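In what follows, every chain begins at residue 1, and chains take the letters A, B, ... in the order their sequences are listed. Quick caveat: nothing in here was measured; it's all calculated off a predicted structure.
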Amino acid sequence: MRDLKQMIITVVVLVVICSVAAGTLAWVNGLTAPRIEEAKARALQAALGECLVSATDFVEDQGALARVKAELDGAKNAPAIDKVYRGTAQGQDQGYVFTVNTSGYASVITLMVGINADGQMEKVKVLSQAETPGLGTKIKDEQFIDQSAFRSVRTGVNLAVTKDGGQVQAIAGATVSSRAVVRAINQALTAANVLLTKQGEGGLE
Amino acid sequence: MTKLLVIAFGSIFISNFVLTRFLGICPFLGVSKKVETAVGMGFAVTFVMGLASAITYGLQKLLEHFHIEILQTLTFILVIAVLVQFVEMVIKKISPVLYQALGIYLPLITTNCAVLGVALINVKEGYNFLQAVVNGVSAALGFTMAIVLFAGIRERMAAAPVPKAFQGFPIALVTAGLVSIAFLGFNGFKLEALFAF
Amino acid sequence: MSLWRDFKNGLFNENPTFRLVLGMCPTLAVSTTVVNGIGMGLAATAVLVGSNVIISLLRNVIPKDVRIPAFVVIIAAFVTIVDKIMAAYVPELHKVLGIFIPLIVVNCIILARAEAFASKRPVINSMMDGLGMGLGFTMSITFISAIRELLGTGTIFVAKDFGFTGLKVFAEELGAIIMILPPGAFITLGLVLAGINWLVSRKGAKTA
């Protein structure tokens, strides 16, 4: 009898602890989930705004992504356009922002590239990377990512690092990471070219 | 197939659990004085990590179905604890010889962060069932390789005249650092190209 | 005065990282910059204080044979709470620390304090113990981070993602990158532990 009573107490205590824990977590979830979503959305809007300053509103454009995917060559190691955002201000198209995945030295680098309606690249931003600390991670530094070669480039131009005969100053000791960024920008420029010229032809598509 | 090979090779060599991801350091330092025990620990961990990857995959799908991902950490750790207990009982029943060999390591595995770690990484990387299991097993093989290699070095070191302040953990950590430098050599392999048939 | 002793114990005599050699995984993994180290330390401290207090409150209710699973549930609940709060209010830090936040649940320090201290002592003492142990852990991980960040990059207290520009001590080109790579973690911790062993043995020899 004693054993049975002891066992029932044990089970009841465990069940109560588990239920209270689960209940508390459900409550915490209710409090934090909206804030987590909000923080994510805000971070995305801030990054988009930074890449295409003239635009105030951004919408994800699935149609544009499909058009780009159909036009670009899908070679296995080519950087992949992941998402396309169309930026507008007071109903006017201001350009596109692309998120591009490109394989760097030790990781997949995700970049955001903003190109305005004239085909001029405005800004490239590193969203995530796990390159070698102290070397490849320098792709995030202004000295590299804000260099003049990037700021003056427009569609139709193919960028390359100086080692490959281009204008882009690669990071010392991290040529592979630098090239990955350059490839991603070229891919975004080609994609922008597809979208912008199609529009220029009076929306034949 | 290419993807599976990339995952396996990556988990064993490039992002080795012990030497670059820093998961499972406690058993790595604690149970690495002899090669024999290191091998035993390695196999016990491989077994549990493979199973845990499979089960937590199903569990995560269940949590997602009911929209209670908030309970992820809680349910994962409980399932792993139960799993370890269960594995211990089954091995004891079907193979007393194996139990003799692994028995003492099994309870230690619950608090091995490599097991919970691999379950969380599988979810984060969005692996499917097969990829999750391959990742679990190969991460554990990477752990086994590291711990056995390290035990070999420590066996030799036992006879070396180590300064008093360095005896025990300090010299073990410095040695682990040197092994880790060797593993840096795997960094930057283009696996997709290597395994593209 | 015993409260102060319980608090101080975790900081020095039984410092979890340097003296008990517990919780090695996060110490090695996130100690690349001081800001990460402090963030990790404070997250673990919050869990430690919370779980110590609750376990101490329930110490006469939880049956002996199932205490470990009960402790694990309580700890896991606190870890999840800290994880979600960090995701909501400090998303950048949450992203950097990644899976090492949920992994606090298997950090040996927490379960060890629950078993060795909180399950036997009053609430206030347990709280002080949790605080002391947590801050002891924070202090150690910050110390290791400071060495690695300084020698690796020549700067200290830098976290561009959170808007800390930090302090430049010497040119970045002079930094030894190996210090912020994985081997640097092992070697730094090994040398620091050896240094502490040496200091302790010297102190022991003097008083003897």
Side-chain angles (χ1 to χ4, degrees), chain B residues 15-30 69-78 80-82 85 107 109-121 123-124 162-184 187, chain C residues 17-31 68-69 72-84 98-112 177-179 181-202:
Chain B
S15 41
N16 185 284
F17 257 45
V18 180
L19 297 167
T20 44
R21 282 200 204 255
F22 301 113
L23 293 170
I25 299 290
C26 294
F28 177 67
L29 293 175
E69 290 98 331
I70 184 96
L71 295 180
Q72 190 193 51
T73 312
L74 192 100
T75 47
F76 275 23
I77 189 69
L78 285 182
I80 289 168
V82 171
Q85 199 95 73
I109 295 173
T110 310
T111 53
N112 182 342
C113 53
V115 183
L116 183 59
V118 82
L120 294 172
I121 288 172
V123 172
K124 206 173 154 200
V162 177
K164 194 153 170 282
F166 270 94
Q167 279 167 14
F169 282 115
I171 192 72
L173 282 164
V174 173
T175 315
L178 298 178
V179 178
S180 175
I181 290 178
F183 271 74
L184 276 186
N187 220 323
Chain C
T17 314
F18 292 151
R19 304 298 297 149
L20 306 182
V21 200
L22 292 174
M24 290 290 107
C25 297
T27 309
L28 293 165
V30 301
S31 58
I68 300 292
V72 169
V73 170
I74 293 167
I75 294 169
F78 273 106
V79 168
T80 311
I81 292 171
V82 168
D83 186 34
K84 292 296 162 192
I99 63 164
F100 282 94
I101 299 173
L103 283 178
I104 294 176
V105 79
V106 282
N107 189 323
C108 323
I109 301 171
I110 316 234
L111 195 59
I177 289 165
I178 194 86
M179 293 304 288
L181 291 177
F186 285 112
I187 294 171
T188 309
L189 186 59
L191 294 180
V192 169
L193 282 181
I196 287 172
N197 281 351
W198 181 72
L199 280 178
V200 168
S201 71
R202 216 174 61 141

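Of the listed residues (C:Ile68, C:Leu111, C:Thr80), the one with the most heavy-atom contacts under 4.5 Å to chain B is C:Thr80. Interface remark: of the candidates B:Phe183, B:Phe28, B:Phe169, B:Phe169 forms the most heavy-atom pairs closer than 4.5 Å to chain C. With respect to chain B, the highest number of heavy-atom pairs below 4.5 Å among C:Thr188, C:Ile178, C:Ile187 belongs to C:Ile187. Among the candidates C:Ala76, C:Ala29, C:Pro183, the residue making the largest number of heavy-atom pairs closer than 4.5 Å to chain B is C:Pro183.
For a residue to count as touching a neighbouring chain, one of its non-hydrogen atoms must lie under 4.5 Å from one of that chain's; by this rule B:Leu78 touches chain C with the side chain only. Within the 4.5 angstrom heavy-atom criterion, only side-chain atoms of B:Leu184, from C-beta onward, approach chain C. Heavy atoms of C:Val105 lying under 4.5 Å from chain B belong exclusively to its side chain. Contact annotation for B:Leu19: both backbone and side-chain heavy atoms come within less than 4.5 Å of a heavy atom of chain C. No part of C:Ile75 comes within reach of chain B, as not one of its non-hydrogen atoms sits under 4.5 angstrom from that chain.
Heavy-atom contacts from other residues, nucleotides or ligands closer than 6.0 Å to CD of B:Gln85 number 12 or fewer.
Under the side chain to side chain contact (heavy atoms under 4.5 Å, CB included) criterion, B:Val174 pairs with B:Phe166, C:Leu191, sequence neighbours left out. Among residues two or more places apart in sequence or in another chain, the side chain to side chain donor-acceptor pair (under 3.5 Å) test is passed with B:Asn112 by none.
For C:Asn197 against B:Pro170, the heavy-atom pair with the smallest separation is ND2-CG, 3.7 Å.
In this structure, B:Ser180 contributes its side chain and B:Ala176 its backbone to no donor-acceptor pair below 3.5 Å.
Counting heavy atoms from C-beta outward, C:Val106 and C:Leu103 have side chains that approach closer than 4.5 Å.
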Practice problem: Under the side-chain contact (heavy atoms from CB on, under 4.5 Å) rule, what do B:Leu23 and C:Ile99 come out as? Steps first, then yes or no, please. | Solution: CA-CA 10 Å; B:Leu23 293 170; C:Ile99 63 164; 4.3 Å; yes
